[in-house]
Number of protein chains: 2
Amino acid sequence: MASLADHIESYIKQQIQRTPSQVVVLNRAQLAEAFSCVPSQINYVLATRFTRERGYVIESRRGGGGYIRVVKTLPGRSQEVAGFLKRIGSAIDEQQADHLLVTLIDHGVLQRRQAQLIKGIIQQELNDFPQAADRLRASLLRAMLLVQLHEVEAKERR
Amino acid sequence: MASLADHIESYIKQQIQRTPSQVVVLNRAQLAEAFSCVPSQINYVLATRFTRERGYVIESRRGGGGYIRVVKTLPGRSQEVAGFLKRIGSAIDEQQADHLLVTLIDHGVLQRRQAQLIKGIIQQELNDFPQAADRLRASLLRAMLLVQLHEVEAKERR
DNA sequence: TCCGTTTTGACCAAATCTGACCTTTGTCTG
DNA sequence: CAGACAAAGGTCAGATTTGGTCAAAACGGA
């Protein structure tokens, strides 16, 4: 049985689909009013169904003229590539990291020089903060790959 | 639903864009009149959106013939951007990070969407590893900006 | 019944906007 | 020249408008 949360979820997704830029701007109070529920229900839906894991980014502002903006990211190929990112996990050693970068080059996701750049930056950061190297490496790798992937997609859309 | 403050902000930015010297001189009372608001609203906009952090300088004079001058510090491209990166240092709190991202947007180094992505990624990573948040944030921010900047430079060479 | 998910409501935090009151600077007048 | 007056802009506290958090109650399926 479809719950209220499900209905709100599909409404939001529908609105996103309708824009070329895959964005929707919501007014929390109005939306709650439309679905005859309490405003915090909207937060619940956003928190459980529009996570970054699932490819969404939420941005919001309080006060007069406040809003909640939902942006869909990670469409298409990188959704699939996201699988690689998951494998990074909470920690990764240098060998595994190198291996991953090579794999991404093989899959045409990265160019050699981009992989090289990423490797260099990690080295630099680890140099400055040697504590918990494998964990920091995992964070940095994931972060940089996400940025890079986004760039690749933006390019493809042109 | 953009707020009044947003409209005033964009009006001022537009005026600045129109001059080669990146300066605009305002008359507080007139401007308030034009936007049908109280004069102190102008101060509010200036105080919240045209801060030094974001690359603006405000000068003003009271009394007869008084004025408010808004000057945008010139963007010096990559060289200047390197300075921004240095400012990150070994640790940075969330507010400073946000300011930096907004500054980079204002200076045309990042697009809003990219800044948003970077913010989202940091949030996620900090969620997973809350230890030494300000340090991890600094590392992630620097790493992602470097990747992004490289991309921007590559684009400029084309 | 038990457990995870939904839903609600009370309370909180942030951004915006206004208005009353203050300070600085320039000008006019006795 | 002193003092009054006018013409800017500045400050700050409080009301208003949004959205955020969290814990407890309600619900629904195994």
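Just so it is clear: chains get the letters A, B, ... in the order the sequence lines come, proteins before strands, and each one is counted from 1. Please read these numbers as outputs of a predicted model, since none were measured by experiment.
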- request: Check if the side chain of B/Arg62 and the base of C/dT23 share a donor-acceptor pair of N or O atoms closer than 3.5 Å.
  value: yes
Nucleotide by nucleotide, nucleotides 22-30 of chain D touches protein heavy atoms under 4.0 Å in the pattern (B base, S sugar-phosphate only, - none) ---------
When rounded to whole Å, the CD1 to P distance for the pair A/Ile42 and C/dT6 reads 14 Å
Smallest heavy-atom separation, A/Leu117 atom then B/Leu146 atom, equals CD2-O, 4.4 Å
Here the distance between atom P of D/dT21 and atom OH of A/Tyr44, to the nearest Å, is 15 Å
**Asked** Can any side-chain N or O of A/Gln15 pair as donor or acceptor with the backbone N or O of A/Ile12 at less than 3.5 Å?
**Response** no
Determine whether more than 12 heavy atoms belonging to other residues, nucleotides or ligands lie under 6.0 Å from atom CZ of A/Arg69. yes
Ordered by number, residues from residues 25-32 of chain B within less than 4.0 Å of DNA chain D (heavy atoms) are B/Leu26, B/Asn27, B/Arg28, B/Ala29
Does C/dA13 have OP1 or OP2 under 4.0 Å away from a side-chain N or O of A/Arg61?
no
To the nearest angstrom, the CD1-C1' distance between A/Ile68 and C/dA15 comes to 15 Å
Taking every heavy atom of B/Arg142 against every heavy atom of B/Gly89, the minimum-distance pair comes out as NH1-O, 2.9 Å
Between CG of B/Asn43 and C1' of D/dA8 the distance, given in whole Å, is 12 Å
Across all chains, not counting sequence neighbours, the ring-ring contact (aromatic ring centres under 6.0 Å, His included) partners of B/Phe35 are B/Tyr11
When A/Val38 and A/Thr48 are each assigned the nearest nucleotide of DNA chain C, the 5'-most assignment goes to A/Thr48
Item to complete: Evaluate side-chain contact (heavy atoms from CB on, under 4.5 Å) for A/Arg137 paired with A/Ile88, printing each intermediate quantity in order.
Response: CA-CA 9 Å; A/Arg137 185 183 293 108; A/Ile88 296 176; over 6 Å; no
Between CZ of A/Arg69 and P of D/dG19 the distance, given in whole Å, is 13 Å
Problem set entry | Under 3.5 Å: donor-acceptor pair, side chain of B/Ser40, backbone of B/Asn43 | no
**Request:** Report which part of the nucleic acid B/Gly66 touches: base, sugar-phosphate, or nothing (heavy-atom distance under 4.0 Å, all strands).
**Result:** sugar-phosphate
When rounded to whole Å, the NE2 to P distance for the pair A/His7 and C/dT7 reads 10 Å
Worksheet item: Got B/Leu46 and B/Ser60 here, is their nearest side-chain heavy-atom distance under 4.5 Å?
Response: no
When rounded to whole Å, the CZ to C1' distance for the pair A/Phe35 and C/dT8 reads 17 Å
Within one Ile-Leu-Val-Met-Phe-Trp-Tyr cluster: A/Phe129 and A/Ile92, side-chain cutoff 4.5 Å: yes
In whole angstroms, the gap separating C1' of D/dG10 from CD1 of B/Ile58 amounts to 13 Å
